[in-house]
Amino acid sequence: MYEKIAHITDLHLDEEYPLKNGVLARKQFDSIVKDIEDKKISRIVCTGDIGENKGVSYFFEQLNTKALSITLGNHDTFSEISKYYNKGADYDSEKLYSSTIKEYYKFIYLDSSEGIIDEKQLLWLEKELISTIPIIIFVHHPIIGLNLKVDEIGKLKNRASVISLLENRPNKITIFCGHYHMESTVLHKNITQHITPAVSYQVEKTLNTIEINTTVFGYRIIEIDKYNTSSKIRLLHNAN
C-alpha cells in the first residue's frame, strides 16, 4: 500500500476578508492545483472553509477530475457543499462525516463546522475508533490545543471529550487539520496532530494578538505506506 495525498485547507474563495487584505484567493488556489498536478498527486483532502457564493462552484469545477474528500469548516454550510459532495451526509443533523478502511490504515473524516463535534457524531466516532490498525483523522478544527491567541478564540468547544476518546485507544492516531492558518505539529500521548497552512493567508504564532501574513500560502503532501505516515509542507509565494 502506498498513497500520496494533497491536504488543502482554508481557501476562503470569494470571501470579503481575504480580498480586502489584498489576497486573491482564486489565483492562489489555482497555483496550488497546478503544483499538485505537477507532482502527479491525484487524491486531495480538503478540510474546509472552502469559500462563499460562486467560490464554491469554482472549487468543485477545478477539482472535478480528482479523487476528493471533504470535511466542513466553520465557514462552510452543509446545504451548499452537499449540492456537490454528499459522502457521509447526515441530512438530519446536516453534517458530513464518514470513514474508509484501507489495508493498513483507517481514515476518519469529522465535521466540526459548528465548532463542536456533536453528540451524535461523538457516539459514531467512539464506535469507529474500535480498530486494530492506525487511524488517520481529517477535521477542520485542531483537537489538541495550542498556547496561542488564535486557539483562545477559535478552539473546538468540546475538545476535551474528543481527546478523551482518542487517547484511550491503543491505536496510533494521526490528525490532519486546518482552521488556524499556520503550520504546526504537536504530540499528545498516542496522538500526532498536524495543522496545515492555509491556501488563502497565514496567521502568525502570537500569544496576545491576531496578525496575518499574506506573503505565503501552501498545502501539505502526505505520504502513507504500510509502515509509516509522513508529510511535508509545500509553501508558495504570493500569486497576486
Side-chain angles (χ1 to χ4, degrees), residues 6-37 44-64 68 70-85 94 96 111-116 138-142 145-157 176-184 194-220 233-240:
H7 174 212
I8 62 175
T9 191
D10 300 283
L11 294 77
H12 297 284
L13 300 174
D14 293 7
E15 291 185 20
E16 181 182 354
Y17 183 77
L19 188 59
K20 76 178 184 181
N21 283 280
V23 175
L24 299 181
R26 282 199 189 196
K27 280 191 174 182
Q28 296 183 181
F29 173 51
D30 291 346
S31 295
I32 283 179
V33 171
K34 183 180 184 305
D35 199 71
I36 290 170
E37 290 175 343
I44 296 175
V45 179
C46 176
T47 51
D49 282 5
I50 292 170
E52 295 178 352
N53 305 313
K54 292 183 179 179
V56 176
S57 59
Y58 184 79
F59 169 84
F60 285 100
E61 287 164 9
Q62 300 309 108
L63 299 182
N64 64 3
L68 179 64
I70 290 174
T71 71
L72 298 186
N74 53 297
H75 282 248
D76 301 314
T77 62
F78 176 87
S79 60
E80 184 63 26
I81 302 302
S82 62
K83 293 176 185 176
Y84 306 91
Y85 182 93
E94 297 196 327
L96 289 175
D111 188 326
S112 64
S113 56
E114 293 185 343
I116 191 170
F138 289 97
V139 60
H140 182 67
H141 288 70
L146 305 179
N147 185 28
L148 298 172
K149 184 68 174 180
V150 69
D151 187 75
E152 178 186 322
I153 64 174
K155 67 183 179 182
L156 188 71
K157 295 182 181 72
F176 293 102
C177 55
H179 188 49
Y180 286 174
H181 291 239
M182 63 180 62
E183 177 186 355
S184 169
H194 300 287
I195 302 177
T196 294
V199 173
S200 52
Y201 58 90
Q202 310 315 308
V203 173
E204 299 291 352
K205 295 179 179 178
T206 53
L207 294 176
N208 301 310
T209 59
I210 300 293
E211 298 175 19
I212 70 168
N213 179 348
T214 62
T215 63
V216 294
F217 57 102
Y219 69 104
R220 184 182 296 273
I233 294 297
R234 179 86 174 121
L235 290 178
L236 288 74
H237 290 284
N238 198 296
N240 299 348

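Values in this document were obtained by computation on a predicted structure and should not be read as measured data.
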Do Lys155 and Val150 come close enough that some side-chain heavy atom pair is under 4.5 Å?
-> no
Any chance the side chains of Tyr201 and Asn213 put a donor and an acceptor closer than 3.5 Å?
-> no
Side chain to side chain contact (heavy atoms under 4.5 Å, CB included) between Thr71 and Asp111, worked out = CA-CA 6 Å; Thr71 71; Asp111 188 326; over 6 Å; no
For the side chain of Gln28 and the backbone of Val23, is there at least one donor-acceptor N/O pair under 3.5 Å apart?
-> no
Report the distance from atom CZ of Phe60 to atom NZ of Lys83, rounding to the nearest 0.5 Å.
-> 11.0 Å
Where do Tyr180 and Ile195 come nearest, in terms of heavy atoms and distance?
-> CD1-CD1, 4.0 Å
Would a 4.5 Å heavy-atom cut-off, applied to side chains only, mark Leu13 and Val56 as touching?
-> no
Does some side-chain heavy atom of Ile212 sit less than 4.5 Å from a side-chain heavy atom of Tyr17?
-> yes
Heavy atoms, side chains only, cut-off 4.5 Å: are Pro142 and Leu156 in contact?
-> no
Side chain to side chain contact (heavy atoms under 4.5 Å, CB included) between Val45 and Ile70: does it pass, once the steps are laid out?
-> CA-CA 6 Å; Val45 179; Ile70 290 174; over 6 Å; no
Passes side chain to side chain contact (heavy atoms under 4.5 Å, CB included), Val216 versus Leu236? Steps please.
-> CA-CA 6 Å; Val216 294; Leu236 288 74; over 6 Å; no
No-hydrogen, no-angle side-chain donor-acceptor test under 3.5 Å, Tyr219 and Asp35 | yes
How far does OG of Ser184 sit from NZ of Lys205, to the nearest 0.5 angstrom?
-> 5.0 Å
Decide whether Tyr84 and Asn64 meet the rule of one side-chain donor and one side-chain acceptor closer than 3.5 Å.
-> no
Do the side chains of Cys177 and Val139 get nearer than 4.5 Å, heavy atoms only?
-> yes
Using a distance-only test with no angle check, is there a side-chain donor-acceptor pair under 3.5 angstrom linking His141 and Ser112?
-> yes
Which distance, rounded to the nearest 0.5 Å, do you find between the CG of Leu207 and the CG of Asn147?
-> 5.5 Å
List the atom pairs, donor and acceptor, that lie under 3.5 Å between side-chain atoms in residues 46-54 and the rest of the protein, sequence neighbours left out.
| from | atom 1 | to | atom 2 | distance (Å) |
| --- | --- | --- | --- | --- |
| Thr47 | OG1 | His7 | NE2 | 2.8 |
| Thr47 | OG1 | Thr9 | OG1 | 2.8 |
| Asp49 | OD1 | Asn74 | N | 3.2 |
| Asp49 | OD1 | His75 | N | 2.8 |
| Asp49 | OD2 | His140 | NE2 | 3.3 |

Of the non-hydrogen atoms in Tyr58 and Arg26, which two are nearest, and what is the gap between them?
-> CD1-NH1, 3.3 Å
Check whether any side-chain heavy atom of Val199 lies under 4.5 Å from a side-chain heavy atom of Asp10, and answer yes or no.
-> no
For residues Leu148 and Val203, determine if any side-chain heavy atom of one lies less than 4.5 Å from a side-chain heavy atom of the other.
-> no
Nearest 0.5 Å, what's the CG-CD distance between Asn21 and Glu16?
-> 10.0 Å
Nearest heavy-atom neighbours spanning Leu72 and Phe78 | CD1-CA, 4.0 Å
Return the minimal non-hydrogen interatomic distance between Ser82 and Ser79, and the atom names on each side.
-> OG-O, 3.5 Å
Residues Thr206 and Glu204: side-chain donor-acceptor under 3.5 angstrom = no
Note, Pro197 side chain near Leu235 side chain (heavy atom, < 4.5 Å) = yes
Can the ring centres of Phe29 and Phe59 be said to be less than 6.0 Å apart?
-> yes
Can you check whether Gly73's main-chain N or O pairs, donor with acceptor, with Asp76's side chain at less than 3.5 Å?
-> yes
Salt bridge flag under 4.0 Å for residues Glu152 and Lys149 | yes
Within 45 degrees of the axis of the six-membered ring of Phe176 and under 6.0 Å from its centre: does Arg220 put its NZ or CZ there?
-> no
His194 NE2 to Ile233 CD1 distance, which is reported to the nearest 0.5 Å | 9.0 Å
Heavy-atom closest contact (Ala198 atom, Gln202 atom, distance) | O-NE2, 2.8 Å
Look up atom CD1 in Ile32 and atom NZ in Lys27, then write down how far apart they are to the nearest 0.5 Å.
-> 15.0 Å
